[in-house]
J.: 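Just dropping this structure here.
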2 protein chains.
Amino acid sequence: MSSLTAPLAPISTCAVAVDTALLTIRDGRLRLLLIEPEPSALRGWWALPGRRVRDDESLDDTAHRSLSELAGITAPDAHLEQLRTYGDPSRDPRGRVVSVAYLALTPFADDPVDPGRARLFDVDELGAPGGPQLAYDHERIVTDALERARAKLEYTSLATAFVPEEFTLADLRRVYEAVWGVPLDPANFRRKVVSTPGFVVESDKTASPGPGGGRPAKVYRRGSATHLHPAMLRP
Amino acid sequence: MSSLTAPLAPISTCAVAVDTALLTIRDGRLRLLLIEPEPSALRGWWALPGRRVRDDESLDDTAHRSLSELAGITAPDAHLEQLRTYGDPSRDPRGRVVSVAYLALTPFADDPVDPGRARLFDVDELGAPGGPQLAYDHERIVTDALERARAKLEYTSLATAFVPEEFTLADLRRVYEAVWGVPLDPANFRRKVVSTPGFVVESDKTASPGPGGGRPAKVYRRGSATHLHPAMLRP
DNA sequence: GCCGTTACGGTCGGGCTGACCAGAACCGGC
DNA sequence: GCCGGTTCTGGTCAGCCCGACCGTAACGGC
């Protein structure tokens with residue numbers, strides 16, 4: 001582990017990186033942004049977008065930069081929150097890297113700019129055969145990110161981070177259904193959302209029906225509440 | 001944004017530390033472990049026990065070491081979980097330090113070894129006049145730690161980390177009352193705990209009554225559940 | 001034995017939830 | 001225009017959970 005000529009005092013400085021798990025919803029399914037690392041190195045492996053922390057940069061800034069430089073995503077209104085820090089000494093074979101993981105959520109209406117080696121994967125493909133193989137300990141990070149998102153949908157208004165500024169209750173319900181992977185009763189969902197103070201506010205607009213027809217839905221906007229009382233518990 | 005003479009590649013390595021917020025309960029009140037830093041430097045200021053991460057050490061190991069070296073606490077059964085990472089470039093005036101904060105909980109029966117400059121403070125003294133002044137951004141960390149503990153008592157069995165292996169339901173209720181700062185109805189609390197599957201298991205022992213007398217209480221142990229269904233919501 | 005205290009078990013009404021139903025409003029085809 | 005299909009919206013009803021409350025059981029102290 002250490003040679004005889006190495007200094008006795010352990011080095012107390014190490015590389016610090018930020019890896020960001022960006023989730024969004026496309027076509028009613030929850031999707032995760034992954035990057036194909038340098039083609040020379042890990043062929044066929046995928047990783048979360050990550051960058052080293054610059055010495056004049058906050059961790060949040062590094063997270064934004066990782067999305068901007070690696071996937072062309074500059075969404076200032078995207079939800080961004082710290083997930084957890086992964087610092088096992090052997091987690092990166094190239095050396096000791098302490099990685100601060102972030103969870104990012106963007107509305108499904110955002111532009112699908114995915115230049116270079118970025119791609120959105122259906123989260124159900126991740127563990128399945130034929131799906132992308134995740135490098136380093138990123139599978140663990142993704143598992144934690146998904147569990148965090150699923151849990152926070154219950155007791156916070158985080159679901160509104162997946163929808164554009166104006167949305168219908170069906171849009172919001174499809175967010176819950178995509179993240180939790182279960183169907184919800186439209187009528188009960190509606191009653192719960194509108195009776196939770198501050199979750200959504202009704203606008204005076206109505207949305208045009210989808211291709212299959214149906215009665216037009218009212219348009220809502222985000223409310224001021226961040227924590228939901230009572231909570232939207234998973235069935 | 002960048003000067004012409006500055007090196008293009010910013011330094012991507014920085015000091016990484018672990019700061020641990022240890023909570024316990026003494027005399028029915030929630031308490032926090034604080035350390036008085038080197039007497040020469042910040043006189044009268046208090047800080048969370050923290051150590052730099054060694055290059056062959058996991059973050060969890062550093063958290064354990066911070067408690068062991070600075071407060072003499074070697075509790076292998078103590079609950080320890082990562083809280084959040086604080087990495088603002090200006091958070092430490094001595095230089096860039098990325099600090100991974102941990103939340104630690106120990107039972108109130110643990111030995112009160114507090115050698116050197118460690119002390120347990122009532123959490124209600126922290127913001128109050130005459131209470132300890134916290135160095136760096138540790139007040140922010142303590143606020144986050146308290147909120148995490150209060151929230152996780154609702155939907156996990158974390159409260160059992162505050163009580164010894166054998167406890168009464170009154171012990172467990174006093175944990176909730178101390179952490180949340182509100183009184184709870186004993187009968188309703190009892191009904192809720194015993195009806196939550198896997199929260200506690202009844203033993204065949206009975207505890208001796210307290211100094212004021214009263215009927216002896218049954219003794220319980222921790223159950224196998226980690227998440228509570230349904231949750232113990234704050235009143 | 002009496003009393004204060006604590007533990008334990010039960011009742012009652014209100015609120016929330018899931019399952020279900022009915023009407024309203026739109027689209028497309030005939 | 002009419003009709004069936006689809007979606008949105010509002011309502012009912014039974015069941016569960018919860019807070020407030022009461023009564024009994026079991027101890028120690030006087």
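Nothing here was measured: the structure is a model prediction, and the numbers come from that model. Within every chain, numbering begins at 1; the chains are lettered A, B, ... in the order of the sequence lines, protein sequences first and strands thereafter. Scope of the values below: all heavy atoms of this structure, side chains included, with no hydrogens, waters or symmetry mates.
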J.: May I ask you to verify if any side-chain N or O of A:Lys192 is less than 4.0 angstrom from the OP1 or OP2 atom of C:dC16?
T.: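 Checking C:dC16 against A:Lys192, no side-chain N or O comes under 4.0 Å of OP1 or OP2.
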J.: Considering just the side-chain nitrogens and oxygens of B:Arg173, establish if one lies under 4.0 Å of OP1 or OP2 belonging to C:dA7.
T.: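 For C:dA7, OP1/OP2 do have a side-chain N/O of B:Arg173 under 4.0 Å.
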J.: Of all the heavy-atom pairs spanning A:Val175 and A:Val163, show the shortest one and how long it is.
T.: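 Heavy atoms only, the tightest pair is CG2-CG1, 3.6 Å.
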J.: Using heavy-atom distances to pick each residue's nearest nucleotide on DNA chain C, tell me which of B:Arg174 and A:Asp185 is more 5'.
T.: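 That would be B:Arg174.
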J.: Could you state the atom-to-atom distance from CE of A:Met232 to C1' of C:dT17 in whole Å?
T.: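 Distance check: A:Met232 CE to C:dT17 C1' gives 11 Å.
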J.: Expressed as a whole number of angstroms, how long is the span from B:Phe189:CZ to C:dA7:P?
T.: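 Result: 12 Å.
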J.: Can you pull the contact range of chain A along DNA chain D, 5' to 3', using atoms under 4.0 angstrom from its heavy atoms?
T.: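 The footprint of chain A covers D:dG5 to D:dT12.
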J.: Can you list everything that forms a salt bridge (Lys or Arg N to Asp or Glu O under 4.0 Å) with A:Lys218? Sequence neighbours excluded, please.
T.: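 Expected list: A:Glu202.
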J.: Using whole Å, what does the distance between atom P of nucleotide C:dC16 and atom CG of A:Leu228 come to?
T.: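 Taking atom P of C:dC16 as the reference, CG of A:Leu228 is at 14 Å.
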J.: Between side-chain atoms of residues 224-235 of chain B and protein atoms elsewhere (two or more places apart, or another chain), which donor-acceptor pairs fall under 3.5 Å?
T.:
| residue | atom | partner | partner atom | Å |
| --- | --- | --- | --- | --- |
| B:Arg234 | NE | B:Glu154 | OE2 | 3.2 |

J.: Quick one: closest heavy-atom pair of B:Ala178 and B:Leu30, and the distance?
T.: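 That would be O-CB, 3.9 Å.
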J.: Applying a 4.0 Å non-hydrogen cut-off, can you work out what A:Ala187 is touching in the nucleic acid: base, sugar-phosphate, or nothing?
T.: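 The answer is base, as A:Ala187 lies within the cut-off (heavy atoms under 4.0 Å) of a base atom.
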J.: Counting side-chain heavy atoms from CB outward, which of C:dA7, C:dA25, C:dG9 is closest to B:Lys218?
T.: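 The closest nucleotide is C:dG9.
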J.: If each of A:Arg190 and B:Arg191 is mapped to the nucleotide of DNA chain D with the nearest heavy atom, which maps nearer the 5' terminus, i.e. the 5' end?
T.: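 Nearer the 5' end of the strand: A:Arg190.
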J.: Take A:Gly214 and A:Pro186, find for each the nucleotide of DNA chain D with the closest heavy atom, and name the residue whose nucleotide sits nearer the 5' end.
T.: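 Here A:Gly214 is the residue nearer the 5' end.
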J.: Using the benzene-type ring in the case of Trp, are the ring centres of B:Phe121 and B:Trp46 under 6.0 Å apart?
T.: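 Aromatic pair counts; centres sit under 6.0 Å.
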J.: Rounding to a whole Å, what distance do you find between B:Tyr220:OH and C:dA7:P?
T.: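 For the pair B:Tyr220 OH and C:dA7 P, the rounded distance is 11 Å.
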J.: Which atom pair, heavy atoms only, marks the closest approach of A:Ile141 to A:Leu83?
T.: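 What the structure gives for the nearest pair is O-CD2, 3.8 Å.
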J.: As a quick check of understanding, evaluate salt bridge (charged side-chain N to carboxylate O under 4.0 Å, His left out) for A:Glu36 and A:Arg119, giving each step before the final call.
T.: CA-CA 8 Å; A:Glu36 198 169 21; A:Arg119 232 189 91 184; over 6 Å; no
